[in-house]
Amino acid sequence: EVQLVESGGGSVQAGGSLRLSCVASGFPFADYTIGWFRQAAGKKREGVACIGNADGLLYYADSIRDRAIVSVDTGKKTVYLQMDNLKPEDTAIYYCAADRHGAQAVGLSERLYDHWGQGTQVTVSS
């Protein structure tokens, strides 16, 4: 079965760092795009970053571009999101998602991803 399991969230002060992990199983990892999305309380879910394992493309949201790096360990079937200089506005539940299409096709469009993890909470205090 398809599984996406996020971890690495927690509570940090502004300016701190976190590395989130998404462990994938149950599908051909190398053919899929893995994306990170977040949803703050009272807000719509928004794209953060994604990496296309098939087409080799990466995308970042403007809000996090200069503070985040997405990377992949294909042997572990794990995608990471390293976030630095965290701000209170980064507080959200962070979700890992997967889709069979390349990153150029799906980008950071939430509606185009078929598989979702259950999320990990990130809380950034002032």
Side-chain angles (χ1 to χ4, degrees):
E1 64 185 65
V2 173
Q3 280 195 298
L4 297 167
V5 181
E6 303 96 332
S7 63
S11 298
V12 298
Q13 292 189 327
S17 298
L18 287 172
R19 189 180 73 159
L20 309 183
S21 298
C22 172
V23 179
S25 62
F27 63 92
F29 182 77
D31 296 333
Y32 275 61
T33 296
I34 307 297
W36 286 99
F37 299 81
R38 66 186 182 185
Q39 187 167 22
K43 302 290 186 179
K44 294 182 177 180
R45 188 148 53 188
E46 64 177 359
V48 177
C50 70
I51 181 167
N53 289 334
D55 60 15
L57 300 178
L58 297 89
Y59 295 95
Y60 294 91
D62 289 341
S63 61
I64 200 72
R65 185 183 308 275
D66 59 341
R67 300 181 292 119
I69 297 174
V70 63
S71 60
V72 60
D73 185 328
T74 56
K76 295 181 179 180
K77 296 183 179 180
T78 300
V79 174
Y80 303 96
L81 180 66
Q82 174 72 39
M83 297 187 290
D84 301 314
N85 192 24
L86 286 163
K87 306 176 184 297
E89 51 263 44
D90 295 317
T91 295
I93 300 175
Y94 283 70
Y95 297 90
C96 176
D99 191 82
R100 67 186 183 277
H101 300 97
Q104 188 172 45
V106 298
L108 299 177
S109 298
E110 174 194 0
R111 295 171 295 176
L112 300 180
Y113 285 76
D114 289 335
H115 308 290
W116 292 83
Q118 294 183 343
T120 184
Q121 177 72 47
V122 170
T123 302
V124 184
S125 60
S126 300

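Start at 1 with the first residue, then count along the sequence. This one's a predicted model, so the numbers in the text were calculated from it and none came from an experiment.
For D66, there are no salt bridge (charged side-chain N to carboxylate O under 4.0 Å, His left out) partners at least two apart in sequence or on another chain. Scored by the ring pair (Phe, Tyr, Trp, His ring centres under 6.0 Å) test, F37 finds Y113, W116 as partners (sequence neighbours excluded). The side chain to side chain contact (heavy atoms under 4.5 Å, CB included) check on V12 picks up L18, L86, V124, with sequence neighbours excluded. Qualifying side-chain hydrogen bond (donor to acceptor under 3.5 Å, both in side chains) partners for S17, counting only residues two or more places apart in sequence or in other chains: D84. With sequence neighbours excluded, the residues forming a side chain to side chain contact (heavy atoms under 4.5 Å, CB included) with L108 are C50, Y59, A61, listed by chain and number. Partners of Q13 by side chain to side chain contact (heavy atoms under 4.5 Å, CB included), not counting sequence neighbours, listed by chain and number: S125. Listed by chain and residue number, nothing satisfies the salt bridge (charged side-chain N to carboxylate O under 4.0 Å, His left out) test with E6 (two or more places apart in sequence, or in another chain). Contacts of Y94 classified as ring pair (Phe, Tyr, Trp, His ring centres under 6.0 Å), with partners at least two apart in sequence or in another chain: none. For R100, the salt bridge (charged side-chain N to carboxylate O under 4.0 Å, His left out) partners are D114, not counting sequence neighbours. Taking the side chain to side chain contact (heavy atoms under 4.5 Å, CB included) definition, one finds that K76 meets it with D73, T78, Y80, sequence neighbours left out. Every residue two or more places apart in sequence or in another chain that forms a side-chain hydrogen bond (donor to acceptor under 3.5 Å, both in side chains) with S63 is listed here: R38.
Between K87 and D90, no side-chain nitrogen of the basic residue sits less than 4.0 Å from a carboxylate oxygen of the acidic one, so the salt-bridge criterion is not met.
Of the possible polar contacts, none joining the R45 side chain to the Q39 backbone as a donor-acceptor pair under 3.5 Å is found.
In this structure, CG in L58 is found 11.0 Å from CZ in R65, a value given to the nearest 0.5 Å. For the atom pair Q3 CD and H115 NE2, the distance stands at 12.5 Å (nearest 0.5 Å).
Applying the 6.0 Å contact sphere to CD1 of I69 captures no more than 12 heavy atoms from other residues, nucleotides or ligands. Environment of CD in Q121: crowded, with over 12 heavy atoms of neighbouring residues, nucleotides or ligands closer than 6.0 Å. Within 6.0 Å of CD on E89 lie more than 12 heavy atoms contributed by other residues, nucleotides or ligands.
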Exercise. Taking it one step at a time, do L81 and I64 satisfy side chain to side chain contact (heavy atoms under 4.5 Å, CB included)?
Worked result: CA-CA 11 Å; L81 180 66; I64 200 72; over 6 Å; no
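No path of Ile, Leu, Val, Met, Phe, Trp and Tyr side chains, each step under 4.5 Å between heavy atoms, connects V5 with I34, placing them in separate hydrophobic clusters. Note on V72: it does not cluster hydrophobically with L57, by side-chain heavy-atom contacts below 4.5 Å among ILVMFWY residues. Each of F29 and Y95 belongs to its own hydrophobic cluster when Ile, Leu, Val, Met, Phe, Trp and Tyr are linked at side-chain heavy-atom distances under 4.5 angstrom. Residues V23 and V70 do not share a hydrophobic cluster, clusters being chains of Ile/Leu/Val/Met/Phe/Trp/Tyr side chains in contact below 4.5 Å. Cluster membership for I51 and V2, using ILVMFWY side-chain heavy atoms within less than 4.5 angstrom, is shared.
The side chain to side chain donor-acceptor pair (under 3.5 Å) contacts involving residues 21-34 comprise nothing, where partners must be two or more places apart or lie in separate chains.
Between C22 and L4 the shortest side-chain heavy-atom distance falls below 4.5 Å.
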